[in-house]
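What follows is one structure encoded as structure tokens, with my remarks underneath.
Each chain gets a letter, A, B and so on, in the order its sequence line appears, and its residues count up from 1.
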Number of protein chains: 2
Amino acid sequence: MRQQCYRIGELAKRTGVGVPTIRYYGEIGLLPEAGRGPGGQRLYGSSHLRRLMFIRHCRKLGFSQEDVRALLSHADQTNAPCKQVDRLARGHLTKVREKIAALQALEQALEDMIDGCQGGSVEECQIVEALTVGE
Amino acid sequence: MRQQCYRIGELAKRTGVGVPTIRYYGEIGLLPEAGRGPGGQRLYGSSHLRRLMFIRHCRKLGFSQEDVRALLSHADQTNAPCKQVDRLARGHLTKVREKIAALQALEQALEDMIDGCQGGSVEECQIVEALTVGE
DNA sequence: AATAAAACCTCTAGTAACTAGAGATGCAAG
DNA sequence: CTTGCATCTCTAGTTACTAGAGGTTTTATT
């Protein structure tokens with residue numbers, strides 16, 4: 001019944017996750033360890049493929065490894081209510097929004113700083129001045 | 001002429017940079033190494049104070065260590081034109097804007113995903129579905 | 001069957017920018 | 001003289017991988 005068997009390179013091609021990264025995921029237990037062929041190569045099944053896809057989608061959305069681990073364990077419990085998943089996703093969204101806000105403040109500060117610079121020498125540069133004095 | 005002498009804790013208090021971080025900056029050469037007192041404690045002067053302030057302002061604005069290093073070396077050449085400084089600042093601003101854009105795309109994707117979820121069990125959760133299938 | 005190339009293996013170390021901890025010493029006050 | 005804080009050095013941990021060395025296995029070609 002184990003008709004589908006992917007070697008690591010095949011799995012990499014199908015998921016878009018790099019070969020060393022797949023091995024790394026195995027090491028840290030994010031992906032269950034693969035079986036091994038006679039020569040010692042890892043052999044993955046379709047469950048690995050699905051799980052790795054899931055992981056990749058999560059990582060693309062910026063979820064941390066820790067979050068991914070939680071999402072995976074929730075996703076496995078098909079009968080449980082999805083409240084936990086929802087909470088994780090919303091929590092992550094909040095963090096993303098906070099990061100955006102922080103970066104926008106940064107953007108503003110940088111713009112102000114750059115606008116103050118009229119060219120000339122470093123001595124009279126408003127950017128250097130701003131960095132020295134702070135605001 | 002070395003009237004001003006700060007111990008590392010004093011410098012930390014005045015700059016808002018943590019004690020281990022100051023030691024770390026010394027190690028990596030971002031801050032010149034301090035003189036040492038009889039018992040081996042680091043002793044910093046006012047030039048260290050200024051430099052560390054500069055570094056802190058840079059880091060608060062999200063400049064990388066590499067950028068800070070460059071900014072510092074430019075800031076030291078008071079007669080040179082400030083074009084390089086300007087270029088560094090603008091380059092950094094661009095990177096910040098790119099990061100904001102990427103995060104906003106992420107925000108949208110997360111919102112879409114979360115909006116699809118109607119509650120219920122994990123089996124029918126659109127978030128889990130989206131993470132499994134992608135998009 | 002021999003050989004060459006691609007894919008795979010393990011292990012170590014490096015990235016950015018610190019942070020945390022262990023265990024030893026110095027320094028000022030009561 | 002002892003208590004306690006500040007400091008010292010050194011090592012290792014964080015996040016999420018990535019790069020490289022040096023060796024084996026599998027696959028393809030001759």
Margin query: Does C/dA17 have its OP1 or OP2 closer than 4.0 Å to a side-chain nitrogen or oxygen of B/Tyr25?
Written below: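 For C/dA17, OP1/OP2 do not have a side-chain N/O of B/Tyr25 under 4.0 Å.
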Margin query: B/Arg97: which residues meet the side-chain contact (heavy atoms from CB on, under 4.5 Å) condition with it, sequence neighbours left out?
Written below: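 For B/Arg97 the side-chain contact (heavy atoms from CB on, under 4.5 Å) partners, ignoring immediate neighbours, are A/Glu107, A/Glu111, B/Leu93.
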Notebook entry, point to check: In chain order, what residues pass the side-chain contact (heavy atoms from CB on, under 4.5 Å) check against A/Gln126, with sequence neighbours excluded?
Noted result: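 A/Gln126 satisfies side-chain contact (heavy atoms from CB on, under 4.5 Å) with A/Glu129 once adjacent residues are dropped.
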Check: Under the salt bridge (charged side-chain N to carboxylate O under 4.0 Å, His left out) rule, what pairs show up with a residue in residues 25-43 of chain A, not counting sequence neighbours?
Finding: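 Non-adjacent pairs meeting salt bridge (charged side-chain N to carboxylate O under 4.0 Å, His left out): zero.
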Note to self: Once salt bridge (charged side-chain N to carboxylate O under 4.0 Å, His left out) is applied, what residue pairs with a partner in residues 119-128 of chain B remain, sequence neighbours excluded?
What the structure shows: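 Every candidate salt bridge (charged side-chain N to carboxylate O under 4.0 Å, His left out) pair involving residues 119-128 of chain B fails, so no pair, neighbours aside, qualifies.
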Margin query: By nearest heavy atom, map B/Pro38 and B/Ser64 onto DNA chain C; which one lands nearer the 5' end?
Written below: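 The 5'-side residue here is B/Ser64.
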Every protein N/O within reach of nucleotides 18-22 of chain D N/O, cut-off under 3.5 Å:
residue	atom	partner	partner atom	Å
D/dT18	OP2	A/Thr21	OG1	2.8

Listed pairs, N/O of protein and of nucleotides 3-9 of chain D, under 3.5 Å:
residue	atom	partner	partner atom	Å
D/dT7	OP1	B/Gly9	N	2.9
D/dC8	OP1	B/Arg42	N	2.6
D/dC8	OP1	B/Arg42	NH1	3.1
D/dC8	OP2	B/Arg23	NH1	2.5
D/dC8	OP2	B/Arg42	NH1	3.4
D/dC8	O5'	B/Arg42	NH1	3.4
D/dT9	OP1	B/Arg36	NH1	3.1
D/dT9	OP1	B/Arg36	NH2	3.4
D/dT9	OP2	B/Arg42	NH1	2.9
D/dT9	OP2	B/Arg42	NH2	2.8

Note to self: Please enumerate all residues that pass side chain to side chain donor-acceptor pair (under 3.5 Å) together with B/Gln104, with sequence neighbours excluded.
What the structure shows: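 With sequence neighbours excluded, B/Gln104 shows a side chain to side chain donor-acceptor pair (under 3.5 Å) to no residue whatsoever.
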Margin query: Give me each pair satisfying ring-ring contact (aromatic ring centres under 6.0 Å, His included) with a member in residues 97-117 of chain B, each pair once, sequence neighbours excluded.
Written below: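 Checked against ring-ring contact (aromatic ring centres under 6.0 Å, His included) - neighbours excluded - no pair reaches residues 97-117 of chain B.
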Next item on the list: May I have all residue pairs that pass ring-ring contact (aromatic ring centres under 6.0 Å, His included) and include part of residues 66-86 of chain A, sequence neighbours excluded?
Entry: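 Of all non-adjacent pairs touching residues 66-86 of chain A, none passes ring-ring contact (aromatic ring centres under 6.0 Å, His included).
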Notebook entry, point to check: What residue among B/Arg7, B/Glu10, B/His48 forms side-chain contact (heavy atoms from CB on, under 4.5 Å) with B/Leu43?
Noted result: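 Among B/Arg7, B/Glu10, B/His48, the one meeting side-chain contact (heavy atoms from CB on, under 4.5 Å) with B/Leu43 is B/Arg7.
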Next item on the list: Measure the CE-CG distance between A/Met53 and A/Leu11 for me, rounded to the nearest 0.5 Å.
Entry: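 Reported value, rounded in 0.5 Å steps: 8.5 Å.
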Margin query: Per the side chain to side chain donor-acceptor pair (under 3.5 Å) rule, what does the pair list look like for residues 85-95 of chain A, sequence neighbours excluded?
Written below: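 Listed once each, the pairs are A/Gln84-A/Arg87, A/Asp86-A/Arg90.
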For atom [atom1] of [X] and atom [atom2] of [N], their distance in whole Å:
X: A/Glu27; N: D/dC17; atom1: CD; atom2: P; value: 13 Å
X: B/Lys60; N: C/dC18; atom1: NZ; atom2: P; value: 13 Å
X: A/Glu66; N: D/dT14; atom1: CD; atom2: P; value: 12 Å
X: A/Gln65; N: D/dG13; atom1: CD; atom2: C1'; value: 14 Å
X: A/Ile22; N: D/dA16; atom1: CD1; atom2: C1'; value: 15 Å

Check: Looking only at heavy atoms, which two atoms of A/Leu49 and A/Arg14 are closest? And how far apart?
Finding: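 Looking at all heavy atoms of both residues, the shortest contact is CD1-CB, 3.9 Å.
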Next item on the list: Describe the nucleic acid contact of B/Phe63 in one word from base, sugar-phosphate, nothing, applying a heavy-atom distance below 4.0 Å.
Entry: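 The answer is nothing, as B/Phe63 stays clear of every strand by at least 4.0 Å.
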Next item on the list: Using heavy atoms and a sub-4.0 Å distance, could you list which residues of residues 90-102 of chain A are near DNA chain C? By number, please.
Entry: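 Close to the strand, none.
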Item checked: Axis bend over the full length of the helix from C/dA1-D/dT30 to C/dG30-D/dC1, computed from five pairs that close each end, to 10 degrees ->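 Result, rounded to 10 degrees: 20°.
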Next item on the list: Indicate, with yes or no, if A/Ile22 and A/Tyr24 share a hydrophobic cluster defined by side-chain heavy-atom contacts under 4.5 Å among Ile, Leu, Val, Met, Phe, Trp and Tyr.
Entry: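 Linked, A/Tyr24 and A/Ile22 end up in one cluster.
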Notebook entry, point to check: With a 4.0 Å cut-off, would you call B/Arg51 and B/Asp76 a salt bridge?
Noted result: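 Yes, this pair counts.
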